[in-house]
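Input: a single structure, listed below in structure tokens.
Every number for a ligand or one of its atoms is a count from 1 in the order of the listing. Since the structure is predicted, the reported quantities are computational estimates derived from the model, not experimental observations.
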Amino acid sequence: MASSRPLSRFWEWGRNIVCVGRNYAEHAKEMGSALPTEPLFFLKPSSAYVREGSPIFRPYYCRNLHHEVELGVVIGKRAQAVSQEAAMEHVAGYALCLDMTARDTQEECKKKGLPWTLAKGFGSSCPVSDFVPKEKIPDPHKLQIWLKVNGKLRQEGDTSSMIFSIPYLISYISQVFPLEEGDLILTGSPKGVGSVEANDEIEAGIKDVLSMRFKVAQQTRGS
Ligand SMILES: O=C(O)/C=C/C(=O)CC(=O)C(=O)O
Ligand SMILES: [Mg+2]
């Protein structure tokens, strides 16, 4: 059933956050990972959202918090087993997102064959920008996304370099579970991921569309 809340505040809807990994060849390479032959995806809880004005917390168990800047796709209409041809009809718009990652925890999880929830799904692991209606972005595969830490450029990527396109991702994911109105898909990070410390300032943007800023803070155990 449709919510009475506006989709322009999708982060308040409590819907799925679906993250795609290793969708840029140069990022897979910098992680020492093989290129995927089918999309790799994982979930974050909807309580991972954080908005400008609130800090990104480095979890108490993390010693190496990484930034990953990613284009987010906001679903506007339920998509169940949709074709690639029909997939874009289910998109309401876009947002810029950070897939904050406890990289040391992820390395441990990878070694032990465990899921990435501790590494990717902690509170404040999904900073998001304002919503951009799809009419404002004629081609989401022609965007430049960038990220700076304390004013220094760390990531710059072109969404044309995605291995799996947005229609392919929507079609693929929607065969596994239905995508609902208000769901967000993070489409993967370009290269240049790196560490941030408490008090660092992250600024990220979609060239000629929007930008956002976040401070990093240290979480203490029990808070
Ligand atoms: O390959 C790895 O070790 C790590 C990959 C990721 O963290 C995947 C992503 O979240 C991404 O590519 O955006
Ligand atoms: Mg990512």
Side-chain angles (χ1 to χ4, degrees), residues 11 16-50 56-59 61-74 94-129 140-141 143-149 154-166 168-170 172-173 176 179 183-196 202 204-206 212 214 216:
W11 52 85
N16 301 307
I17 304 174
V18 187
C19 306
V20 177
R22 301 175 186 159
N23 201 25
Y24 287 77
E26 290 191 337
H27 172 55
K29 194 171 156 197
E30 74 183 347
M31 297 308 301
S33 300
L35 294 189
T37 51
E38 288 295 344
L40 158 74
F41 66 97
F42 53 92
L43 301 173
K44 288 182 191 272
S46 55
S47 52
Y49 278 129
V50 61
I56 299 166
F57 283 102
R58 183 168 79 166
Y61 51 81
C62 170
R63 292 286 159 265
N64 189 15
L65 179 64
H66 268 201
H67 54 77
E68 297 187 357
V69 68
E70 309 197 5
L71 178 68
V73 178
V74 182
Y94 304 93
L96 188 66
C97 310
L98 305 183
D99 171 14
M100 297 306 296
T101 302
R103 196 67 77 192
D104 50 343
T105 311
Q106 187 187 33
E107 288 305 321
E108 287 301 310
C109 293
K110 281 163 63 180
K111 273 188 220 147
K112 294 178 183 163
L114 293 173
W116 293 356
T117 310
L118 269 177
K120 295 279 201 179
F122 53 89
S124 80
S125 62
C126 192
V128 280
S129 73
H141 301 98
L143 295 174
Q144 279 157 2
I145 55 177
W146 56 269
L147 180 142
K148 293 179 185 175
V149 177
R154 293 266 191 99
Q155 290 191 266
E156 203 171 23
D158 198 305
T159 55
S160 63
S161 305
M162 284 182 203
I163 297 172
F164 301 108
S165 70
I166 293 166
Y168 190 94
L169 293 172
I170 291 172
Y172 185 92
I173 296 164
V176 180
L179 287 161
D183 283 357
L184 175 72
I185 303 173
L186 272 63
T187 55
S189 176
K191 72 171 184 317
V193 301
S195 300
V196 284
I202 301 178
I206 305 175
M212 62 184 187
F214 288 88
V216 180

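- Residue contacts with ligand 1 for Arg22 involve both N, CA, C or O and side-chain atoms from C-beta outward (heavy atoms, distance under 4.0 Å).
- Judged purely by atom type and a 3.5 angstrom limit, Thr105 has no side-chain atom pairing as donor or acceptor with the backbone of Cys62.
- Considering backbone and side-chain N/O of Lys110, one or more are found under 3.5 Å from N/O of ligand 1.
- Checking side-chain atoms of Thr159 against main-chain N and O of Leu143 turns up a donor-acceptor pair under 3.5 Å.
- No side-chain donor-acceptor contact under 3.5 Å links Glu156 to the backbone of Trp146.
- Screening Val50, Leu147, Val196, Val128 for a side chain to side chain contact (heavy atoms under 4.5 Å, CB included) with Leu98, the sole residue that qualifies is Leu147.
- When heavy-atom distances to ligand 1 are checked against a 4.0 Å cut-off, Arg103 comes that close only through its side chain, counted from C-beta outward.
- Using a non-hydrogen distance threshold of 4.0 Å, Val20 registers as a contact of ligand 1.
- If you take CD1 on Ile145 and CD on Gln155, they are separated by 7.5 Å, rounding to the nearest 0.5 Å.
- In this structure a side-chain-to-backbone donor-acceptor pair under 3.5 Å is missing from Asn64 to Asp104.
- When atom types are taken as modelled, the side chain of Arg154 and the backbone of Ser195 share a donor-acceptor pair closer than 3.5 angstrom.
- Listed by atom number, the atoms of ligand 1 under 4.0 Å from Phe42 heavy atoms are 10 (O).
- A donor-acceptor pair is defined here as one N or O able to donate and one able to accept, closer than 3.5 Å; such a pair exists between the side chain of Asp158 and the backbone of Ser160.
- Within the listing of ligand 1, atoms 13 (O) sit less than 4.0 angstrom from a heavy atom of Gly188.
- Excluding waters, the set of protein N/O/S atoms under 2.8 Å from the Mg ion (ligand 2) reads Glu68 OE1, Glu70 OE2, Asp99 OD2.
- Not one N or O of Trp116 is nearer than 3.5 Å to an N or O of ligand 1, by distance alone.
- Here salt bridge (charged side-chain N to carboxylate O under 4.0 Å, His left out) pairs that include residues 25-50, with residues two or more places apart or in two chains, are Glu26-Lys191, Lys44-Asp99.
- The shortest contact between atom 7 (O) of ligand 1 and any protein heavy atom is with Lys120 NZ, 2.9 Å.
- With hydrogens left out, the protein atom closest to atom 9 (C) of ligand 1 is Glu68 OE1, 3.4 Å, a heavy atom.
- At least one donor-acceptor pair closer than 3.5 Å links the side chain of Asn23 to the backbone N or O of Phe164.
- Of the listed options Ala119, Gly21, Cys109, Ser33, Gly21 places a heavy atom closest to atom 8 (C) of ligand 1.
- Looking at heavy atoms from C-beta onward, Leu43 lies in side-chain contact with Val18 at the 4.5 angstrom threshold.
- In this structure a side-chain-to-backbone donor-acceptor pair under 3.5 Å is missing from His27 to Gly21.
- Considering backbone and side-chain atoms alike, Thr101 places every N or O at 3.5 Å or more from each N or O of ligand 1.
- At least one N or O atom of Gln106, backbone or side chain, sits closer than 3.5 Å to an N or O atom of ligand 1.
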